[in-house]
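All values below come from the heavy atoms of this structure, side chains included, with hydrogens, waters and symmetry mates left out.
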Amino acid sequence: MSDSASGFSKAELFDACEWVHAQMPATPLHFWPQLSTATGARVWIKHENHAPTGAFKVRGGMTFIGWLRRSHPDCPGIVTATRGNHGQSQARAATAAGMRAVIFVPHGNSIEKNAAMRAYGADLREAGQDFDEARQAAMRVADEEGLFLVPPFHRAIVRGVATYAVEMFQAKPDLHTVYVPIGCGSGICGVIAARDALGVRTRIVGVVSTEAQGALLSVKAGRVVETPSAKTFADGLAVRIPVPEAYEIYSRGADDFIAVSDHEIADAMRLLHRATHNLAEGAGAAALAAALKDKDRIAGRDVGIVLSGANIDAEWASMILAGGTPAL
């Protein structure tokens, strides 16, 4: 079977849940009345900010490294590129398995995400000015140092990430719409895979930044479209070059796409904090920002909002909660 999210059976996803739940509990799905008042819908937040590492990506690290140990038992280590959450996930799982973890980030990356990756055992290296340039550096080092290159999108990663969507749909199978942030695409592809395997009828809306619209533009064009930059403080959305394998899945499986601005994301972060006292990173609040823009279509409906992560530097969090928006 190819390295795509298509073709996951219910049994495969339940096996992934068993693997993941042996290492972490399911994250909560909570109804929040103040968010419901703000959107006009009945809002259910999937709290991936409560996962180990503070983000949904941790699930993909568990399943990917498990797959790697079985398929390449002599592999000495991995190398990958990240803006932070994917890197924490892979470093955490790889070092726990006794493997090296070389993680590339662009220059100027989040100080606190960098510190977290180092704490999980990463050999952290800086290269390039954005994620896509850091990824090129990781590809070169894979050959030079004999490490396994972890792509941003892989079947074993998506299978793990899909477990949060299985939890969500099992807890609330009648969700009308779910809003999912898109970076490289593992999250939305995992939600699509879980929806289809479980046979629920939920609409899936992908959310991108207005400053990194590659996924949305690609779907409109019918082909992968690169953007010249991806300058958003929501670093989990800051991807210039859509992953073709992910595009093939979300272009067919998602029902709609919405772009949200940095100001709209900052507003959603403030609302989340006031209404739930949860801190979201930019990408983590993007789904709520999209639901607020989509109020007319979801009035009176049960909707799921994926709070994908909480890992934002204290300086930016303070600025945002005080009413500002970080400028890059």
Side-chain angles (χ1 to χ4, degrees), residues 4-6 8 39 41 43-46 48 55-57 60 83 85-86 131 152-153 157-158 161-162 164-165 168-169 175-196 200-227 230 232 234-262 264-265 268 280-298 301 303-309:
S4 72
S6 59
F8 280 121
T39 61
V43 173
W44 298 80
I45 297 287
K46 182 57 171 168
E48 288 301 283
F56 79 102
K57 293 280 191 179
R83 291 303 303 268
N85 290 338
H86 168 74
F131 165 77
F153 188 90
I157 292 175
V158 177
V161 167
Y164 85 69
M168 179 171 60
F169 290 132
L175 289 171
H176 177 267
T177 303
V178 171
Y179 294 87
V180 189
I182 302 178
C184 289
S186 65
I188 191 169
C189 290
V191 176
I192 291 167
R195 178 197 63 184
D196 294 350
V200 298
R201 299 183 178 181
T202 304
R203 293 177 65 250
I204 296 173
V205 179
V207 185
V208 301
S209 167
T210 55
E211 308 309 306
Q213 293 196 50
L216 185 156
L217 295 174
S218 296
V219 171
K220 286 184 176 180
R223 58 179 176 80
V224 171
V225 175
E226 301 179 13
T227 57
T232 169
D235 52 9
L237 307 179
V239 176
R240 284 192 296 108
I241 306 173
V243 176
E245 297 89 344
Y247 160 77
E248 290 296 329
I249 296 163
Y250 59 65
S251 64
R252 300 191 310 267
D255 297 278
D256 201 1
F257 297 83
I258 294 178
V260 291
S261 71
D262 277 11
E264 289 167 331
I265 291 171
E281 61 185 274
L288 177 59
L292 290 165
K293 291 187 75 166
D294 213 19
K295 290 171 64 171
D296 291 344
R297 291 204 295 177
I298 60 174
R301 305 283 194 175
V303 301
I305 304 291
V306 180
L307 201 175
S308 58

Side-chain donor or acceptor of Y164 paired with backbone N/O of K57 under 3.5 Å: no
Spacing of CD1 belonging to I305 relative to OG1 belonging to T177, to within rounding of 0.5 Å: 9.0 Å
Exercise: identify the closest heavy-atom pair between G190 and A162: O-CB, 3.5 Å
Approximate separation, where rounding is to 0.5 Å, of E211 CD and S261 OG: 8.0 Å
Exercise: identify the closest heavy-atom pair between A289 and A268: N-CB, 3.7 Å
Gap between atom CD1 of I298 and atom CG of L292 - 0.5 Å precision: 7.5 Å
CZ/R301: more than 12 non-hydrogen atoms of other groups inside 6.0 Å: no
Donor-acceptor pair, side chain of D255 and main chain of V205, under 3.5 angstrom: no
Distance, nearest 0.5 Å, that separates CG of N85 from CD of E48: 11.0 Å
Donor-acceptor pair, side chain of Q213 and main chain of T210, under 3.5 angstrom: yes
Heavy-atom side-chain contact between V178 and F169 under 4.5 Å: yes
Side-chain (R83) to main-chain (F131) donor-acceptor, under 3.5 angstrom: no
Pairwise side-chain contact, K220 with L216, heavy-atom cut-off 4.5 Å (strictly under): yes
Considering all heavy atoms, the nearest A165-A194 contact: CB-CB, 3.5 Å
S186 (side chain) donor-acceptor with F153 (main chain) under 3.5 angstrom: no
Shortest non-hydrogen separation from G183 to V239 and the atoms involved: C-CG2, 3.7 Å
Rounded distance [0.5 Å steps], CG in D296 versus OG1 in T39: 11.5 Å
Rounded distance [0.5 Å steps], CD in E281 versus CG in D235: 6.0 Å
Residue pair S209 / D262: nearest heavy atoms and the distance that separates them: OG-OD1, 4.1 Å
Side-chain donor/acceptor of Y179 to backbone N/O of L288, under 3.5 Å: no
Pair Y250-V180, side chain to side chain contact (heavy atoms under 4.5 Å, CB included): steps then yes or no: CA-CA 11 Å; Y250 59 65; V180 189; over 6 Å; no
Where A286 and L237 come nearest, the two heavy atoms and their spacing: CB-CD1, 3.9 Å
Full working for side chain to side chain contact (heavy atoms under 4.5 Å, CB included) between W44 and L175: CA-CA 9 Å; W44 298 80; L175 289 171; 4.0 Å; yes
Residue that, paired with P242, satisfies side chain to side chain contact (heavy atoms under 4.5 Å, CB included) out of L217, I182, V208, V224: V224
